Colleague: 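The structure follows.
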Amino acid sequence: MNKQIIRAGALALCIVAVAACTRADSPASGDAALPLPPDVHSYAKPDEARVTHVSLDLTPDFATKRISGSARLSIEKSADADSVILDIRDLDVTRVTDAAGRPLGFAVGASREFMGAPLAVALPATGDTIVVEYSTSPEAAAVQWLAPSQTAGGKLPFMFTQGQAILTRTWVPTQDGPGIRQTYDAIVRVPPGMRAVMSAEHSDAEPDKDENGLSVFRFRMPHAIPPYLIALAVGDIAFRAIGANTGVYAEPSVVERAASEFAEVDEMIDAAAKLYGPYRWGRYDILVLPPAFPFGGMENPMLTFATPTILAGDRSLVSLVAHELAHSWSGNLVTNATWDDFWLNEGFTSYIEYRIMEELRGKPYADMLRQLGRQDMLAAVDELGTAQVADTRLRLDLAGRNPDDGVTDIAYEKGAAFLLTIESVTGRDRLDKFLRQYFDEFAFKPMSSERLVAYMRQHLLTEEEEERINVKEWIFEPGIPVNIAPVQSAAFAAVEAKVDAWRSGAGASTLEVGEWSTQEWLHFLRSLPDTMSRDRMADLDRTFGLSTSGNSEILFAWFRKTIANRYEPAFPALERFLLSQGRRKFVAPLFADLAATPWGKPMAMNIYRRARPTYHSVSTGTIDKTLGWPSGGSPAP
Ligand code: BES
Ligand code: ZN
């Protein structure tokens, strides 16, 4: 028996003992430097051996739906560490070596649902590098492979990855916790005629060809980022500049439209930098993906990924870009140490999103966004009900659960409301100064709720203010504290007057709605009564062309009402909507609404059977549960 196998045996034992319990990072300096909570969603033990750099050489293969290649990892280890533990899920690891290609022992532990498995690797006697050779599974949860028919061009296939929260481990073998920051570089080999883009710097030169005739794209991310921000997309991707350091990537037939929709992006960056300190990432580009992309946006550094459903043609949905850009401070610079503190990413970001839009479009506009956000928050509280009331806390307890379960509007909107409530006590100037200092002090570091509270105590709030705000209740207790700062939109008050007129019988055409913004339309639609007659629905639809709207948010708000009232004339348009894009925020609630009625359930199942193969795992994961669809299969007839 050779030495390697013996070492692998010892490693197998060590895996059994892996308690998924690691400090996300060593504390920063100062009194606010409290120890960070353990990350229960990673097997890694970064205090013993930590990945500091990932160097990828990958070839995505559209025919087999696999990415294969290698990940060369730089490891920083404590004196007595003899192994390093990585997170992997559904990866086929074929070989692990040191930098010189000498095999290293490795062992894969038991796999758990959504967590994947620990991969323990014996550290080399010399050097701090290990090389993992592997390929991904066609079912890798992060990766979606799109047929040409799912693209705008219809000719070439497309693929993209989505790492947040814990999906990076399905395509990169590394330590996959948000507190374990890593720099990265990559070589990506793609078929000629296609382009690869990543959340990193790249050279503008034409790609080289490798020995197999593949185009070789090279990337480098010099800042240490959490691994959920490593991202890749490959397809027929064109580029169009907006400003000197900004631009859009999209399929050729989409790129012009996208560039004009996002023309304000430089203004957004300037506004954010003026408020919160310099933009530290170099370029800021936006990749518009095919409609299967499961999110509105994803804040991949230097390259936000975005759904095409925000291309409304009138720039009415670009607050989503402000949101993803805001993550360049909250989330990408200062990062939730664990997914229990997801609100530190999303709540701060939503608050900043509204501040950026206020700079661009003025306070009345931002107040509409804030008030829609409040409605979303209250709907989330309602939906969580009493059973999951604990999930109305900002700081969550996701132990034993998929961190995706923590993704609700509580993190976004209760989080943003908390900061607005602080603002109402301290005034804007003090809060802005504090936030600049916070991003500066904790740049490229993990953050926890406890650390934030300590830092606020030191640098923002007097004892009396902390009590007046009720900081602890806001963060650690369920429900919405009574001192929440109010939000009032005058424009929405005017919309409500129209709703009242309509309720008391006025025909839609007599309302004289004039030039409403998308946000006013959304407020109008959401404020309509739950129960409406078929004639009155038809009156709305005929007068305002709701079922044929080109605005995805308006369509979504309208379709919810059409399902609540079983307004069948709108159902062909609803079906087209569900079959033409896979954004979870739209498709999951619509399927849930349908499935909640006896007449709608068969319709939901029938549409989902056709839609499901076109959706990303993030969306099917949610909808499968709602519809009782067996994951990976089709339901009994
Ligand atoms: N980071 C999130 C997307 C995300 C959250 C991915 C949790 C995986 C797990 C992104 O910044 C986001 O919040 N997107 C929103 C848009 C935003 C304007 C609220 C979305 O996709 O709808
Ligand atoms: Zn976000």
Side-chain angles (χ1 to χ4, degrees), residues 41 114 141-142 144 160-168 170 176 178 199 225-231 268 286-289 291-301 303-310 312 316-336 338-357 366 369-370 372-373 375-377 379-380 396 398 401-416 518-519 522 552-553 556 581-589 616-619 621-622:
H41 295 108
F114 65 77
Q144 188 171 10
F160 67 89
T161 66
Q162 164 59 42
Q164 197 180 5
I166 55 168
L167 304 180
T168 294
T170 70
D176 190 14
S199 53
I225 57 166
Y228 71 84
L229 295 176
I230 304 174
M268 289 182 181
I286 301 163
L287 169 69
V288 178
L289 288 122
F293 187 62
F295 291 108
M298 178 64 214
E299 66 271 25
N300 297 317
L303 184 63
T304 281
F305 282 25
T307 169
T309 63
I310 56 169
S316 63
L317 301 177
V318 296
S319 58
L320 184 135
V321 173
H323 178 97
E324 304 313 332
L325 172 68
H327 275 304
S328 304
W329 287 262
S330 44
N332 298 3
L333 268 192
V334 182
T335 310
N336 50 217
T338 73
W339 297 114
D340 285 346
D341 278 322
F342 179 59
W343 80 275
L344 292 173
N345 279 17
E346 298 301 342
F348 277 62
T349 294
S350 296
Y351 172 82
I352 295 175
E353 168 196 339
Y354 303 148
R355 292 294 304 276
I356 295 173
M357 292 313 289
L369 298 177
R370 291 186 181 104
L372 290 171
Q375 294 166 7
D376 293 337
M377 177 187 79
L396 297 166
L398 295 167
R401 290 195 286 162
N402 189 329
D404 201 46
D405 293 355
V407 181
T408 73
D409 278 318
I410 297 295
Y412 291 80
E413 299 300 343
K414 184 181 172 186
T518 293
Q519 286 68 31
L522 294 177
S552 60
E553 293 280 358
F556 172 67
Q581 50 80 38
R583 183 174 171 188
R584 178 168 70 176
K585 175 186 142 177
F586 292 152
V587 294
H616 187 275
S617 78
V618 156
S619 295
T622 301

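Along the sequence shown, residues are numbered consecutively beginning with 1. Just so you know, ligand 1 is whichever comes first in the structure, and atom 1 is the first atom listed for that ligand. Nothing here was measured: the structure is a model prediction, and the numbers come from that model.
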Colleague: For the atoms NE2 of His323 and NE2 of His327, give the angle they form at the Zn ion (ligand 2), rounded to 10 degrees.
Modeller: 100°
Colleague: For Phe556, what residues pass the ring pair (Phe, Tyr, Trp, His ring centres under 6.0 Å) criterion, not counting sequence neighbours?
Modeller: Phe586
Colleague: How would you list, by chain and number, every residue that makes a side-chain hydrogen bond (donor to acceptor under 3.5 Å, both in side chains) with Ser328, sequence neighbours excluded?
Modeller: none
Colleague: So does Glu324 have any N/O/S atom less than 2.8 Å away from the Zn ion (ligand 2)?
Modeller: no
Colleague: With respect to the Zn ion (ligand 2), what is the nearest N, O or S atom of Glu346?
Modeller: OE1
Colleague: Holding to side-chain hydrogen bond (donor to acceptor under 3.5 Å, both in side chains), I want the full list of residues that pass it with Arg583, two or more places apart in sequence or in another chain.
Modeller: Thr309
Colleague: Which atom pairs, nitrogen or oxygen on both sides, join ligand 1 and the protein at under 3.5 angstrom?
Modeller:
| residue | atom | partner | partner atom | Å |
| --- | --- | --- | --- | --- |
| ligand 1 | 1 (N) | Gln164 | OE1 | 2.8 |
| ligand 1 | 1 (N) | Glu299 | OE1 | 2.6 |
| ligand 1 | 1 (N) | Glu299 | OE2 | 3.2 |
| ligand 1 | 1 (N) | Glu346 | OE2 | 3.0 |
| ligand 1 | 11 (O) | Glu299 | OE1 | 3.0 |
| ligand 1 | 11 (O) | His323 | NE2 | 3.3 |
| ligand 1 | 11 (O) | Glu324 | OE1 | 2.7 |
| ligand 1 | 11 (O) | Glu324 | OE2 | 3.2 |
| ligand 1 | 11 (O) | His327 | NE2 | 2.9 |
| ligand 1 | 13 (O) | His323 | NE2 | 3.1 |
| ligand 1 | 13 (O) | Glu346 | OE1 | 3.3 |
| ligand 1 | 13 (O) | Tyr412 | OH | 2.6 |
| ligand 1 | 14 (N) | Gly297 | O | 3.2 |
| ligand 1 | 14 (N) | Glu324 | OE2 | 3.3 |
| ligand 1 | 21 (O) | Gly296 | N | 2.6 |
| ligand 1 | 21 (O) | Gly297 | N | 3.3 |

Colleague: As a test of understanding, state which of Thr349, Thr335, Asn345 forms a side chain to side chain donor-acceptor pair (under 3.5 Å) with His327.
Modeller: Thr349
Colleague: Without swapping roles, check the side chain of Asn332 against the backbone of Glu299 for a donor-acceptor pair under 3.5 Å.
Modeller: yes
Colleague: Determine whether the aromatic ring centres of Phe295 and His616 lie less than 6.0 Å apart.
Modeller: no
Colleague: Please evaluate residues Phe305 and Phe160 with respect to the criterion ring-ring contact (aromatic ring centres under 6.0 Å, His included), reporting the C-alpha separation (whole Å), side-chain torsions for both, the decisive distance (0.1 Å), and the verdict.
Modeller: CA-CA 10 Å; Phe305 282 25; Phe160 67 89; 7.2 Å; no
